[in-house]
Amino acid sequence: MSLNFGRTQLAIPGPSIIPERVLNAMHRPSPNIYHGELVDMVDTLFPDLKAVARTKHHAAIYIANGHGAWEAALANTLNRGDKVLVITTGRFGEGWAALARTMGIETQILDFGLQSDADPEKLEEALRADTNKEIKAVMTVHVDTATSVLNDVPALRKAIDNAGHDALFMVDCIASLGCDQFEMDDWGVDVMMTGCQKGLMTPAGMSFVYFNDKAAAARETASPSFYWDWTPRANPDVFYQQFGGTAPTHHLYGLREALNIIVHEEGIEAVWKRHATIAKAIWAAVDTWGGGDSNGDKSNVPLMHHNIADPAKRSTAVSAITTAPGIAGKVRDWCENEAGITLGIGLGLAEPGTPQWDQQFRIGHMGHQNVAMTMAVLGSIETALIASGAEPGSGALTAAAKILAAH
Ligand SMILES: *Cc1c(COP(=O)(O)O)cnc(C)c1O
C-alpha cells in the first residue's frame, strides 16, 4: 500500500506553486493580438512590474526563461571584448559568468565560495585595482538559489561608489523578486532581471529586464540583435514590438492575475514579511532537527545544518540544507514517492553520484506559500526522516508552529 494520493506539491526553488487563480486566468480562448482587450491589458502590466521591483525606470518583457534575461541584459549593454567583474556565491553567479564568456565577454571572477555572501570590501579593492577602468559592469546575483545566500546589494553598491568606479551594476533577482526585499532605485541598481516562475507565481516562459537611464545610454554603444534589443520592447510604437513578434498571450493573462494578488491585494511589503515569517519557521525546524541524531546510533553526527550559517545572510525564498550522510537523498525520495512533495536537489554543492550528493536538499518557499503548505513540507520531511531511520526528535514542528503563530 502507498499513502501517495491526492494533490502533489512542488517545493523546489522554481518553478514555484502556481495559484489556482493564475491558472484559471489563463484558461480562455486565444485573444486578438492586434487590438482590444489583450493590448489594453498589457499596458497595465508595466506599472505593476515596476512596483514589484521598486523602480520608476524601464522594463522589457522577454519570452524566455532566466537564461534569456541574462543574455538580454548583457547584449544590450556590452560588446565582444568588453570586460566585466562577476561576483560568484554559487552555481547561478557562475552560470551567468559562463554565459557572458560565450558572448565574447571577458570575465574577472570574484569568488566567495559556497557558504558565504559577497564581501563588499573585496569588491571595492578589485575596482580600485582597475585603474584603467576596463571593467564595464559588475554582475551579481541577489540570491544564489544553489547556496541560498542573500547578497547585500546596497553594500555592494556602496563599494562601487567608494571605489569611484562607473561600471554598470547588474543584479540577478530571478530567485528573489517577489520574495526578498529588493529596491532597484533606492539601492542604485542599473540593470536587474527576473523570471516569472519563482516569486511571480506564473508558469515558466517569461522574463523581465529592468534598466535605468545609465543602462539605456550603454545600449547606444552596444549592438543587440533585433530580437534581444530592449528599446522597442520598453518603448514600442506598435504592440508586437513589445515581444519581438507574437505576444505570449496566456502567460500575460496569468501574470496579470499574479500581479493583482501581489501588488493590489497583498502588497509587496506584506509579501516580503510573509516570506520572512515562513522562512523563519522553516529555519527553526531545521535547527531543531539539527540537534537530532543522524542514525539512531547516538554517534552525535548532527542530523542536518543550514548551508548558510548566519540567518541574516539567508534568502527567505529558498533554504539549502546539508544532512548527515545518506539522509537527504532518502528524504527527497520519500517525500516525492510517499508524500507527493518534491524537494529540491543540492545544486552545485555536490556532484550527482557522489556520497555528498545524498547529503543535500533544498526547500523552495517562494511565491504562493501559506501556513498549510509550509507545515505540509515540514511535516512530510519529519515523516521522511523517521522513515529513513533517523531520530529527528519531536520539537521541530512545534518550533515552526510557534513562529507562524506569533507572526
Ligand atoms: C532560476 C534562476 C536562474 C535561471 O533561470 P531559468 O529560468 O532556469 O533560466 C538564474 N538565476 C537565479 C538566481 C535563479 O534562481
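Note that these values count all heavy atoms, side chains included, but never hydrogens, waters or copies made by symmetry. For ligands, and for the atoms within them, numbers begin at 1 and follow the listed sequence. Note that the numbering runs from 1 along the sequence shown for the chain.
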Residues [X] and [Y] bridged, charged N to O under 4.0 Å:
{"X": "Arg157", "Y": "Asp190", "result": "yes"}
{"X": "Lys214", "Y": "Asp166", "result": "no"}
{"X": "Lys83", "Y": "Asp130", "result": "no"}
{"X": "Glu121", "Y": "Arg128", "result": "no"}

Taking distance alone, no hydrogens or angles, what donor-acceptor pairs closer than 3.5 Å link side-chain atoms of residues 58-67 to residues at least two apart or in another chain?
unit_1: His58; atom_1: NE2; unit_2: Asp213; atom_2: OD1; d: 2.8
unit_1: Tyr62; atom_1: OH; unit_2: Trp228; atom_2: O; d: 2.7
unit_1: Asn65; atom_1: OD1; unit_2: His67; atom_2: N; d: 3.1
unit_1: Asn65; atom_1: OD1; unit_2: Gly68; atom_2: N; d: 3.3

**Centroid separation Phe182 to His142 less than 6.0 Å** = yes

**Request:** Check each protein residue for a heavy atom under 4.0 Å from ligand 1 and list those that pass, ordered by chain and number.
**Result:** Asn65, Gly66, His67, Trp70, Phe92, Val143, Thr145, Asp172, Ile174, Ala175, Gln197, Lys198

